[in-house]
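Notes for the one structure printed next.
Numbers for residues simply follow the sequence, beginning at 1.
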Amino acid sequence: MAMTEGLVPITRTYLARYYDKYPLPPLPDATTDLAARLRALSADLAAVAPIAPDEELLEQEAAGIPAHKIDENLWKNREQMEEILFLINTSHRPVALQQKSTPEDAEIVCTLDDIEAKLKDMLKNLEQFQLKNADNVFNTVMTYMPQDFRGTLIRQQRERSERNKQAEVDALVSAGGSIHDRYALLWKQQMERRVQLAQLGSATGVYKTLVRYLVGVPQVLLDFIRQINDDNGPMEEQRERYGPALYTLTKLVLAIRLYLHVSLARYGQRKIEKDDAAVLQQAVVIYTKEFLKFTEFIGEVFVNAPFFISAEDAGAVDASDEYKETIIPAGKTHEVILSVEAVNSYIAWDFSLQQGALNMVLDIGFHVEYISPSGEKTLILPYRRYEADQGNFCTVSSGSYKLVWDNSYSSFFKKVLRYKVDAVPPVVEPALSATEL
(Lines give C-alpha, C1' and ligand atoms only; values in the text may rest on other atoms or scores of the structure.)
Protein backbone atom coordinates (compact mmCIF):
# COMPACT_ATOMS: atom_id res chain seq x y z
CA MET A 1 0.00 0.00 0.00
CA ALA A 2 1.44 3.37 -0.97
CA MET A 3 2.09 5.93 1.73
CA THR A 4 -0.02 9.04 1.15
CA GLU A 5 0.90 10.96 4.28
CA GLY A 6 1.82 14.53 3.29
CA LEU A 7 0.05 14.55 -0.07
CA VAL A 8 -2.33 17.50 -0.27
CA PRO A 9 -5.43 17.23 -2.50
CA ILE A 10 -5.65 20.14 -4.91
CA THR A 11 -8.54 22.53 -4.32
CA ARG A 12 -9.71 25.82 -5.79
CA THR A 13 -8.61 27.58 -2.61
CA TYR A 14 -5.19 26.00 -2.85
CA LEU A 15 -4.84 27.05 -6.48
CA ALA A 16 -6.14 30.54 -5.75
CA ARG A 17 -3.29 31.17 -3.31
CA TYR A 18 -0.83 30.00 -5.93
CA TYR A 19 -2.37 32.07 -8.74
CA ASP A 20 -2.16 35.17 -6.54
CA LYS A 21 1.56 35.07 -7.25
CA TYR A 22 0.92 35.11 -11.01
CA PRO A 23 -1.24 38.10 -11.95
CA LEU A 24 -1.83 38.22 -15.70
CA PRO A 25 -0.88 41.62 -17.23
CA PRO A 26 -3.94 43.23 -18.83
CA LEU A 27 -4.37 43.31 -22.60
CA PRO A 28 -4.08 46.67 -24.39
CA ASP A 29 -7.40 48.46 -24.81
CA ALA A 30 -6.79 48.36 -28.55
CA THR A 31 -7.41 44.58 -28.53
CA THR A 32 -11.14 45.00 -28.05
CA ASP A 33 -11.34 48.19 -30.13
CA LEU A 34 -9.67 46.59 -33.16
CA ALA A 35 -11.98 43.56 -33.04
CA ALA A 36 -15.00 45.89 -33.06
CA ARG A 37 -13.60 47.98 -35.93
CA LEU A 38 -12.90 44.92 -38.09
CA ARG A 39 -16.40 43.59 -37.51
CA ALA A 40 -17.83 47.00 -38.48
CA LEU A 41 -15.74 47.05 -41.66
CA SER A 42 -16.98 43.56 -42.49
CA ALA A 43 -20.60 44.69 -42.02
CA ASP A 44 -20.03 47.66 -44.35
CA LEU A 45 -18.92 45.28 -47.11
CA ALA A 46 -22.37 43.73 -47.13
CA ALA A 47 -23.38 46.72 -49.28
CA VAL A 48 -20.99 45.54 -52.01
CA ALA A 49 -22.41 42.01 -52.18
CA PRO A 50 -24.89 40.12 -49.98
CA ILE A 51 -23.40 38.14 -47.09
CA ALA A 52 -23.06 34.48 -48.04
CA PRO A 53 -24.25 31.72 -45.66
CA ASP A 54 -20.70 30.75 -44.65
CA GLU A 55 -19.91 34.42 -43.98
CA GLU A 56 -23.03 34.74 -41.86
CA LEU A 57 -22.00 31.75 -39.75
CA LEU A 58 -18.55 33.25 -39.30
CA GLU A 59 -20.03 36.61 -38.31
CA GLN A 60 -22.24 34.89 -35.71
CA GLU A 61 -19.22 33.13 -34.25
CA ALA A 62 -17.22 36.36 -34.15
CA ALA A 63 -20.10 38.08 -32.34
CA GLY A 64 -20.75 35.18 -29.96
CA ILE A 65 -19.30 34.11 -26.62
CA PRO A 66 -16.11 32.02 -26.83
CA ALA A 67 -15.95 28.55 -25.29
CA HIS A 68 -15.36 28.52 -21.53
CA LYS A 69 -12.49 26.04 -21.35
CA ILE A 70 -8.99 27.38 -21.90
CA ASP A 71 -7.72 24.47 -23.94
CA GLU A 72 -10.78 24.60 -26.22
CA ASN A 73 -9.95 28.25 -26.91
CA LEU A 74 -6.36 27.36 -27.70
CA TRP A 75 -7.58 24.84 -30.29
CA LYS A 76 -10.01 27.44 -31.65
CA ASN A 77 -7.16 29.92 -32.12
CA ARG A 78 -5.10 27.29 -33.94
CA GLU A 79 -8.03 26.62 -36.25
CA GLN A 80 -8.52 30.32 -37.01
CA MET A 81 -4.84 30.85 -37.75
CA GLU A 82 -4.87 27.98 -40.22
CA GLU A 83 -8.07 29.26 -41.84
CA ILE A 84 -6.51 32.72 -42.26
CA LEU A 85 -3.30 31.28 -43.69
CA PHE A 86 -5.41 29.29 -46.16
CA LEU A 87 -7.32 32.46 -47.14
CA ILE A 88 -4.22 34.58 -47.78
CA ASN A 89 -2.11 31.91 -49.39
CA THR A 90 -0.82 33.28 -52.69
CA SER A 91 -2.71 30.73 -54.76
CA HIS A 92 -6.03 31.66 -53.10
CA ARG A 93 -5.73 35.43 -53.40
CA PRO A 94 -7.79 37.41 -55.92
CA VAL A 95 -6.26 37.53 -59.41
CA ALA A 96 -5.46 41.24 -59.11
CA LEU A 97 -3.35 40.54 -56.03
CA GLN A 98 -1.63 37.56 -57.60
CA GLN A 99 -0.68 39.73 -60.58
CA LYS A 100 -0.04 42.89 -58.51
CA SER A 101 -1.98 44.81 -61.15
CA THR A 102 -1.51 48.23 -59.53
CA PRO A 103 0.80 49.82 -56.94
CA GLU A 104 -2.11 49.66 -54.50
CA ASP A 105 -2.40 45.92 -55.11
CA ALA A 106 1.32 45.53 -54.48
CA GLU A 107 0.96 47.29 -51.10
CA ILE A 108 -1.86 44.97 -50.08
CA VAL A 109 0.28 42.00 -51.11
CA CYS A 110 3.05 43.22 -48.80
CA THR A 111 0.54 43.53 -45.98
CA LEU A 112 -0.76 40.00 -46.57
CA ASP A 113 2.77 38.62 -46.78
CA ASP A 114 3.60 40.22 -43.43
CA ILE A 115 0.41 38.83 -41.87
CA GLU A 116 1.22 35.38 -43.24
CA ALA A 117 4.74 35.41 -41.74
CA LYS A 118 3.51 36.51 -38.30
CA LEU A 119 0.71 33.95 -38.14
CA LYS A 120 2.95 31.10 -39.30
CA ASP A 121 5.38 31.85 -36.48
CA MET A 122 2.56 32.10 -33.93
CA LEU A 123 0.95 28.87 -35.13
CA LYS A 124 4.25 27.01 -34.76
CA ASN A 125 4.72 28.40 -31.25
CA LEU A 126 1.20 27.40 -30.23
CA GLU A 127 1.61 23.86 -31.54
CA GLN A 128 4.83 23.45 -29.54
CA PHE A 129 3.20 24.93 -26.45
CA GLN A 130 0.32 22.45 -26.59
CA LEU A 131 2.61 19.47 -27.10
CA LYS A 132 4.86 20.51 -24.23
CA ASN A 133 1.92 21.15 -21.93
CA ALA A 134 0.33 17.77 -22.70
CA ASP A 135 3.64 16.01 -21.99
CA ASN A 136 4.06 17.93 -18.73
CA VAL A 137 0.62 16.88 -17.48
CA PHE A 138 1.13 13.23 -18.40
CA ASN A 139 4.67 13.09 -16.99
CA THR A 140 3.54 14.75 -13.75
CA VAL A 141 0.88 12.10 -13.30
CA MET A 142 3.33 9.32 -14.16
CA THR A 143 5.79 10.60 -11.54
CA TYR A 144 3.35 9.39 -8.91
CA MET A 145 2.65 6.05 -10.55
CA PRO A 146 4.50 2.94 -9.34
CA GLN A 147 7.76 2.73 -11.24
CA ASP A 148 7.23 -0.79 -12.50
CA PHE A 149 5.47 -2.42 -15.42
CA ARG A 150 2.15 -0.72 -14.55
CA GLY A 151 3.57 2.67 -15.44
CA THR A 152 5.26 1.21 -18.51
CA LEU A 153 2.00 -0.27 -19.77
CA ILE A 154 0.16 3.02 -19.31
CA ARG A 155 2.90 4.83 -21.27
CA GLN A 156 2.67 2.25 -24.04
CA GLN A 157 -1.11 2.59 -24.10
CA ARG A 158 -0.76 6.35 -24.48
CA GLU A 159 1.78 6.01 -27.31
CA ARG A 160 -0.45 3.53 -29.15
CA SER A 161 -3.46 5.77 -28.64
CA GLU A 162 -1.60 8.81 -30.01
CA ARG A 163 -0.52 6.86 -33.10
CA ASN A 164 -4.12 5.84 -33.70
CA LYS A 165 -5.30 9.43 -33.32
CA GLN A 166 -2.72 10.69 -35.81
CA ALA A 167 -3.73 8.00 -38.29
CA GLU A 168 -7.35 9.11 -37.91
CA VAL A 169 -6.38 12.72 -38.72
CA ASP A 170 -4.26 11.64 -41.69
CA ALA A 171 -7.15 9.62 -43.08
CA LEU A 172 -9.49 12.61 -42.78
CA VAL A 173 -7.03 14.87 -44.61
CA SER A 174 -6.49 12.28 -47.34
CA ALA A 175 -10.26 12.08 -47.83
CA GLY A 176 -10.41 15.83 -48.45
CA GLY A 177 -11.60 16.98 -45.05
CA SER A 178 -11.64 20.72 -44.46
CA ILE A 179 -9.64 22.63 -41.86
CA HIS A 180 -12.80 22.89 -39.76
CA ASP A 181 -13.40 19.14 -40.08
CA ARG A 182 -9.84 18.43 -38.98
CA TYR A 183 -10.09 20.65 -35.91
CA ALA A 184 -13.47 19.19 -34.97
CA LEU A 185 -11.73 15.81 -34.97
CA LEU A 186 -8.72 17.15 -33.04
CA TRP A 187 -11.00 18.55 -30.34
CA LYS A 188 -12.95 15.30 -30.17
CA GLN A 189 -9.62 13.51 -29.66
CA GLN A 190 -8.72 15.98 -26.92
CA MET A 191 -11.97 15.11 -25.16
CA GLU A 192 -11.06 11.43 -25.49
CA ARG A 193 -7.77 12.16 -23.74
CA ARG A 194 -9.71 13.75 -20.90
CA VAL A 195 -11.97 10.74 -20.63
CA GLN A 196 -8.96 8.43 -20.58
CA LEU A 197 -7.30 10.48 -17.87
CA ALA A 198 -10.48 10.27 -15.79
CA GLN A 199 -10.61 6.52 -16.49
CA LEU A 200 -7.08 6.17 -15.21
CA GLY A 201 -8.21 7.90 -12.02
CA SER A 202 -11.18 5.60 -11.54
CA ALA A 203 -9.60 2.56 -13.23
CA THR A 204 -12.51 2.12 -15.64
CA GLY A 205 -12.99 2.10 -19.39
CA VAL A 206 -9.73 1.77 -21.26
CA TYR A 207 -7.93 1.07 -17.97
CA LYS A 208 -10.48 -1.29 -16.44
CA THR A 209 -8.13 -4.24 -16.92
CA LEU A 210 -5.52 -2.39 -14.87
CA VAL A 211 -7.81 -1.96 -11.83
CA ARG A 212 -5.98 -4.47 -9.72
CA TYR A 213 -2.61 -3.11 -10.81
CA LEU A 214 -3.24 0.41 -9.51
CA VAL A 215 -2.55 -0.64 -5.94
CA GLY A 216 0.34 1.53 -4.83
CA VAL A 217 -0.91 4.71 -6.49
CA PRO A 218 -1.66 7.47 -3.96
CA GLN A 219 -5.43 7.88 -3.70
CA VAL A 220 -5.02 11.63 -3.86
CA LEU A 221 -3.53 11.25 -7.35
CA LEU A 222 -6.45 9.12 -8.50
CA ASP A 223 -8.89 11.66 -7.07
CA PHE A 224 -7.04 14.51 -8.77
CA ILE A 225 -6.95 13.09 -12.28
CA ARG A 226 -10.57 11.94 -11.98
CA GLN A 227 -11.90 15.46 -11.30
CA ILE A 228 -9.23 17.81 -12.66
CA ASN A 229 -11.29 18.89 -15.67
CA ASP A 230 -14.72 19.04 -14.00
CA ASP A 231 -16.70 22.17 -14.81
CA ASN A 232 -16.64 23.20 -11.16
CA GLY A 233 -13.33 21.56 -10.30
CA PRO A 234 -10.00 23.16 -9.39
CA MET A 235 -9.36 24.30 -12.97
CA GLU A 236 -12.37 26.61 -12.75
CA GLU A 237 -10.12 28.92 -10.74
CA GLN A 238 -7.72 29.00 -13.65
CA ARG A 239 -10.50 29.76 -16.12
CA GLU A 240 -11.81 32.65 -14.03
CA ARG A 241 -8.35 34.16 -13.61
CA TYR A 242 -6.93 33.79 -17.10
CA GLY A 243 -9.89 32.93 -19.32
CA PRO A 244 -11.15 36.48 -20.03
CA ALA A 245 -7.90 37.57 -21.66
CA LEU A 246 -7.86 34.48 -23.86
CA TYR A 247 -11.52 34.94 -24.79
CA THR A 248 -10.69 38.50 -25.95
CA LEU A 249 -7.88 37.20 -28.15
CA THR A 250 -10.17 34.53 -29.57
CA LYS A 251 -12.71 37.18 -30.56
CA LEU A 252 -9.94 39.26 -32.16
CA VAL A 253 -8.66 36.44 -34.35
CA LEU A 254 -12.24 35.64 -35.40
CA ALA A 255 -12.74 39.30 -36.37
CA ILE A 256 -9.50 39.21 -38.38
CA ARG A 257 -10.60 36.12 -40.24
CA LEU A 258 -14.09 37.51 -40.86
CA TYR A 259 -12.75 40.73 -42.36
CA LEU A 260 -10.23 38.93 -44.57
CA HIS A 261 -12.87 36.47 -45.76
CA VAL A 262 -15.40 39.18 -46.65
CA SER A 263 -12.96 41.72 -48.11
CA LEU A 264 -11.01 39.28 -50.30
CA ALA A 265 -14.26 37.77 -51.61
CA ARG A 266 -15.28 41.26 -52.83
CA TYR A 267 -11.86 42.49 -53.89
CA GLY A 268 -12.85 42.60 -57.54
CA GLN A 269 -15.68 45.01 -56.70
CA ARG A 270 -14.02 47.02 -53.95
CA LYS A 271 -10.33 46.98 -53.19
CA ILE A 272 -9.09 47.16 -49.63
CA GLU A 273 -8.46 50.77 -48.71
CA LYS A 274 -5.15 51.81 -47.24
CA ASP A 275 -6.63 52.82 -43.87
CA ASP A 276 -8.53 49.54 -43.59
CA ALA A 277 -5.37 47.59 -44.39
CA ALA A 278 -3.60 49.50 -41.61
CA VAL A 279 -6.32 48.51 -39.13
CA LEU A 280 -6.00 44.89 -40.22
CA GLN A 281 -2.21 44.90 -39.93
CA GLN A 282 -2.33 46.53 -36.49
CA ALA A 283 -4.85 43.92 -35.34
CA VAL A 284 -2.56 41.07 -36.43
CA VAL A 285 0.47 42.68 -34.77
CA ILE A 286 -1.34 43.05 -31.45
CA TYR A 287 -2.95 39.61 -31.71
CA THR A 288 0.30 37.72 -32.35
CA LYS A 289 2.26 39.76 -29.79
CA GLU A 290 -0.32 39.36 -27.02
CA PHE A 291 -1.07 35.73 -27.83
CA LEU A 292 2.62 34.85 -27.59
CA LYS A 293 2.85 36.67 -24.26
CA PHE A 294 -0.22 34.78 -23.02
CA THR A 295 1.13 31.32 -23.94
CA GLU A 296 4.53 32.11 -22.40
CA PHE A 297 2.85 33.34 -19.22
CA ILE A 298 0.37 30.50 -18.89
CA GLY A 299 3.08 27.97 -19.73
CA GLU A 300 5.11 29.17 -16.74
CA VAL A 301 2.03 29.01 -14.53
CA PHE A 302 1.23 25.46 -15.69
CA VAL A 303 4.76 24.13 -15.23
CA ASN A 304 5.06 25.42 -11.67
CA ALA A 305 1.47 24.74 -10.59
CA PRO A 306 1.41 22.80 -7.27
CA PHE A 307 -1.01 20.06 -8.28
CA PHE A 308 0.74 17.75 -5.81
CA ILE A 309 3.48 18.19 -3.29
CA SER A 310 6.68 16.35 -4.17
CA ALA A 311 6.96 12.58 -3.91
CA GLU A 312 9.88 13.13 -1.53
CA ASP A 313 7.71 15.19 0.82
CA ALA A 314 4.84 12.76 0.48
CA GLY A 315 6.98 9.85 1.57
CA ALA A 316 8.45 7.01 -0.40
CA VAL A 317 6.15 4.38 -1.87
CA ASP A 318 6.32 1.06 -0.12
CA ALA A 319 7.98 -0.94 -2.83
CA SER A 320 7.15 -4.26 -1.18
CA ASP A 321 3.55 -4.19 -2.43
CA GLU A 322 2.59 -7.24 -4.51
CA TYR A 323 6.16 -8.58 -4.67
CA LYS A 324 6.92 -12.16 -3.82
CA GLU A 325 10.15 -13.50 -2.43
CA THR A 326 11.64 -16.96 -2.88
CA ILE A 327 14.96 -18.70 -2.27
CA ILE A 328 16.45 -20.53 -5.26
CA PRO A 329 19.01 -23.09 -4.06
CA ALA A 330 22.29 -23.62 -5.88
CA GLY A 331 21.81 -25.81 -8.94
CA LYS A 332 18.02 -25.19 -9.06
CA THR A 333 15.52 -23.06 -11.01
CA HIS A 334 12.31 -21.24 -10.18
CA GLU A 335 9.47 -21.18 -12.73
CA VAL A 336 6.23 -19.23 -13.03
CA ILE A 337 3.65 -20.09 -15.69
CA LEU A 338 1.17 -17.43 -16.79
CA SER A 339 -1.95 -18.29 -18.82
CA VAL A 340 -2.99 -15.91 -21.60
CA GLU A 341 -6.44 -16.12 -23.12
CA ALA A 342 -6.26 -13.21 -25.60
CA VAL A 343 -3.65 -11.96 -28.03
CA ASN A 344 -2.24 -8.47 -27.45
CA SER A 345 -2.06 -9.19 -23.75
CA TYR A 346 1.10 -8.18 -21.91
CA ILE A 347 3.48 -10.43 -20.03
CA ALA A 348 5.23 -8.20 -17.50
CA TRP A 349 7.90 -8.77 -14.87
CA ASP A 350 10.00 -6.91 -12.35
CA PHE A 351 12.65 -8.71 -10.28
CA SER A 352 15.85 -8.21 -8.33
CA LEU A 353 18.16 -10.21 -6.13
CA GLN A 354 18.57 -9.54 -2.43
CA GLN A 355 22.19 -9.01 -1.49
CA GLY A 356 23.85 -11.99 0.19
CA ALA A 357 25.66 -12.09 3.51
CA LEU A 358 29.06 -12.02 1.78
CA ASN A 359 28.20 -8.65 0.23
CA MET A 360 29.07 -9.98 -3.21
CA VAL A 361 27.53 -9.09 -6.58
CA LEU A 362 24.91 -11.66 -7.50
CA ASP A 363 23.14 -12.46 -10.75
CA ILE A 364 20.74 -15.08 -12.02
CA GLY A 365 19.77 -16.50 -15.38
CA PHE A 366 16.38 -15.54 -16.79
CA HIS A 367 14.44 -16.46 -19.90
CA VAL A 368 10.83 -16.64 -21.11
CA GLU A 369 9.30 -19.29 -23.32
CA TYR A 370 5.89 -19.85 -24.90
CA ILE A 371 4.09 -23.19 -24.52
CA SER A 372 1.40 -23.79 -27.13
CA PRO A 373 -1.80 -25.74 -26.35
CA SER A 374 -0.15 -28.74 -28.02
CA GLY A 375 2.86 -28.48 -25.69
CA GLU A 376 5.33 -27.09 -28.23
CA LYS A 377 7.87 -24.66 -26.69
CA THR A 378 9.13 -21.48 -28.35
CA LEU A 379 11.82 -19.23 -26.84
CA ILE A 380 10.47 -15.67 -26.46
CA LEU A 381 13.19 -13.98 -24.41
CA PRO A 382 16.66 -15.55 -24.74
CA TYR A 383 18.59 -16.65 -21.67
CA ARG A 384 20.71 -13.98 -20.04
CA ARG A 385 22.06 -13.33 -16.55
CA TYR A 386 20.77 -10.32 -14.63
CA GLU A 387 21.19 -8.68 -11.25
CA ALA A 388 17.72 -7.16 -11.80
CA ASP A 389 15.38 -6.54 -14.70
CA GLN A 390 12.03 -5.00 -15.55
CA GLY A 391 10.27 -5.57 -18.86
CA ASN A 392 7.23 -6.66 -20.78
CA PHE A 393 6.15 -7.80 -24.23
CA CYS A 394 2.90 -8.00 -26.15
CA THR A 395 1.70 -11.54 -26.86
CA VAL A 396 0.81 -12.71 -30.36
CA SER A 397 -0.68 -16.05 -29.31
CA SER A 398 -2.86 -17.34 -26.50
CA GLY A 399 -1.55 -20.14 -24.32
CA SER A 400 0.98 -20.45 -21.50
CA TYR A 401 4.10 -18.39 -20.97
CA LYS A 402 6.81 -19.72 -18.65
CA LEU A 403 9.22 -17.37 -16.89
CA VAL A 404 12.32 -19.15 -15.62
CA TRP A 405 14.95 -17.93 -13.15
CA ASP A 406 17.97 -20.21 -13.40
CA ASN A 407 20.50 -20.75 -10.61
CA SER A 408 21.64 -24.10 -11.97
CA TYR A 409 25.09 -22.73 -12.89
CA SER A 410 25.80 -21.94 -9.22
CA SER A 411 27.51 -24.70 -7.21
CA PHE A 412 27.46 -23.08 -3.78
CA PHE A 413 25.31 -19.96 -3.53
CA LYS A 414 21.57 -19.78 -3.14
CA LYS A 415 19.79 -16.70 -4.54
CA VAL A 416 17.05 -14.71 -2.83
CA LEU A 417 14.73 -13.58 -5.61
CA ARG A 418 12.20 -10.79 -5.15
CA TYR A 419 9.78 -10.59 -8.07
CA LYS A 420 6.44 -9.51 -9.45
CA VAL A 421 4.91 -10.94 -12.65
CA ASP A 422 1.53 -10.83 -14.33
CA ALA A 423 -0.39 -11.34 -17.54
CA VAL A 424 -2.32 -8.14 -18.27
CA PRO A 425 -5.30 -8.48 -20.66
CA PRO A 426 -5.40 -6.15 -23.68
CA VAL A 427 -6.76 -2.66 -23.14
CA VAL A 428 -9.30 -1.46 -25.68
CA GLU A 429 -10.13 2.19 -26.29
CA PRO A 430 -13.84 2.80 -25.71
CA ALA A 431 -16.19 4.66 -28.02
CA LEU A 432 -17.30 7.92 -26.48
CA SER A 433 -20.98 8.21 -25.65
CA ALA A 434 -22.89 11.42 -26.31
CA THR A 435 -22.94 12.06 -22.55
CA GLU A 436 -19.15 11.77 -22.27
CA LEU A 437 -18.69 14.13 -25.21
**Asked** Is there side-chain contact between W75 and K69, with heavy atoms separated by less than 4.5 Å?
**Response** no
**Prompt:** Looking only at heavy atoms, what is the nearest atom pair of P329 and K414, with distance?
**Reply:** CA-CB, 4.1 Å
**Item:** Greater than 12 external heavy atoms within 6.0 Å of E341's CD
**Value:** no
**Message:** Contact between L34 and I256 at the side-chain level, heavy atoms closer than 4.5 Å - yes or no?
**Reply:** no
**Ion pair check, K188 and E192, cut-off under 4.0 Å** = yes
**Prompt:** Are more than 12 heavy atoms from other residues, nucleotides or ligands located less than 6.0 Å from atom CD of E335?
**Reply:** yes
**Request:** Give a yes or no on this: more than 12 heavy atoms of other residues, nucleotides or ligands lie within 6.0 Å of atom CD1 of I65.
**Result:** no
**Request:** Would you please test Y242 and F294 for ring-ring contact (aromatic ring centres under 6.0 Å, His included) and show each step?
**Result:** CA-CA 9 Å; Y242 309 126; F294 179 85; 7.4 Å; no
**Message:** Please check this pair: side chain of Q189 against backbone of K165, looking for a donor-acceptor N/O pair closer than 3.5 Å.
**Reply:** yes
**Message:** Here's a test for you: under side-chain contact (heavy atoms from CB on, under 4.5 Å), which of I115, I108, V285 qualifies with L280?
**Reply:** I115
**Asked** Got a salt bridge between R384 and D363, using NZ or NE/NH1/NH2 to carboxylate O under 4.0 Å?
**Response** no
**Request:** Considering only NZ, NE, NH1 and NH2 on the basic side and carboxylate oxygens on the acidic side, decide whether E290 and K293 come within less than 4.0 Å.
**Result:** yes
**Message:** If you apply the rule side chain to side chain contact (heavy atoms under 4.5 Å, CB included), what do you find for Y401 with F393, and how did you get there?
**Reply:** CA-CA 11 Å; Y401 289 81; F393 63 87; 3.8 Å; yes
**Message:** How close do L258 and A62 get, counting heavy atoms only, and between which atoms?
**Reply:** CD2-CB, 4.3 Å
**Prompt:** Donor-acceptor pair, K251 side chain versus G64 backbone, under 3.5 Å?
**Reply:** yes
**Least distance between heavy atoms, L381 atom then W349 atom** = CD2-CZ2, 3.8 Å
**Item:** CA sep, side-chain torsions, deciding dist, call: R158, D135, salt bridge (Lys or Arg N to Asp or Glu O under 4.0 Å)
**Value:** CA-CA 11 Å; R158 180 186 184 233; D135 287 341; 3.2 Å; yes
**Q354 side chain near K415 side chain, heavy-atom distance below 4.5 Å** = no
**Asked** Do other residues, nucleotides or ligands put more than 12 heavy atoms under 6.0 Å from the CG atom of D29?
**Response** no
**Request:** Step by step, work out the side chain to side chain donor-acceptor pair (under 3.5 Å) result for T111 and D114.
**Result:** CA-CA 5 Å; T111 299; D114 182 62; over 6 Å; no
**Prompt:** Nearest heavy-atom pair of A342 and S398: which atoms, and what distance?
**Reply:** N-CB, 4.4 Å
**Message:** Here's one to test your reading of the geometry: is the NZ or CZ of R257 within 45 degrees of the ring axis of F86 and under 6.0 Å from its centre?
**Reply:** no
**Asked** How far apart are the C-alpha atoms of E168 and R182, what are their side-chain angles, what is the distance that settles it, and do they pass the salt bridge (Lys or Arg N to Asp or Glu O under 4.0 Å) test?
**Response** CA-CA 10 Å; E168 193 177 8; R182 178 157 54 87; over 6 Å; no
**Asked** Looking at A245 and L24, what are the two nearest heavy atoms and their distance?
**Response** CB-CD2, 3.5 Å
**Asked** Can you tell me if T295 uses its side chain to pair, donor with acceptor, with the backbone of L292 under 3.5 Å?
**Response** yes
**Message:** When you compare the side chain of L353 with that of I364, does any pair of heavy atoms fall below 4.5 Å?
**Reply:** yes
**L126 side chain near F291 side chain, heavy-atom distance below 4.5 Å** = yes
**Item:** Sidechain-backbone polar pair: N133 side chain, Q130 backbone, donor-acceptor under 3.5 Å
**Value:** no
**Message:** For a 4.5 angstrom cut-off between non-hydrogen side-chain atoms, does R241 reach Q238?
**Reply:** no
**Fill in**
Heavy-atom nearest pair, V340 first then S397, reads CG1-O, 4.2 Å
**Message:** Please check this pair: side chain of N407 against backbone of T333, looking for a donor-acceptor N/O pair closer than 3.5 Å.
**Reply:** no
**Asked** How about H92: does its NE2 atom have over 12 heavy atoms from other parts shown lying under 6.0 Å from it?
**Response** yes
**Distance flag, aromatic centroids of F366 and Y383, threshold under 6.0 Å** = no
**Asked** Does some side-chain heavy atom of L74 sit less than 4.5 Å from a side-chain heavy atom of L246?
**Response** yes
**Message:** Can you tell whether the side chains of D113 and R93 come within less than 4.0 Å, N to carboxylate O?
**Reply:** yes
**Message:** One thing to verify: whether E325 and R418 come together as a salt bridge, which I'm taking to mean a side-chain N less than 4.0 angstrom from a carboxylate O.
**Reply:** no
**Item:** Any donor-acceptor pair under 3.5 Å from N89 side chain to L85 backbone
**Value:** no
**Item:** E236/R239 salt bridge by N-O under 4.0 Å criterion
**Value:** yes
**Request:** Give a yes or no on whether the backbone of A35 and the side-chain of Y259 come within a donor-acceptor separation of less than 3.5 Å.
**Result:** no
**Item:** T395 side-chain N/O to S345 backbone N/O, donor-acceptor pair under 3.5 Å
**Value:** yes
**Asked** How far apart are the C-alpha atoms of Y323 and Y419, what are their side-chain angles, what is the distance that settles it, and do they pass the ring-ring contact (aromatic ring centres under 6.0 Å, His included) test?
**Response** CA-CA 5 Å; Y323 283 88; Y419 70 96; 8.6 Å; no
**Asked** Heavy atoms, side chains only, cut-off 4.5 Å: are T248 and L252 in contact?
**Response** no
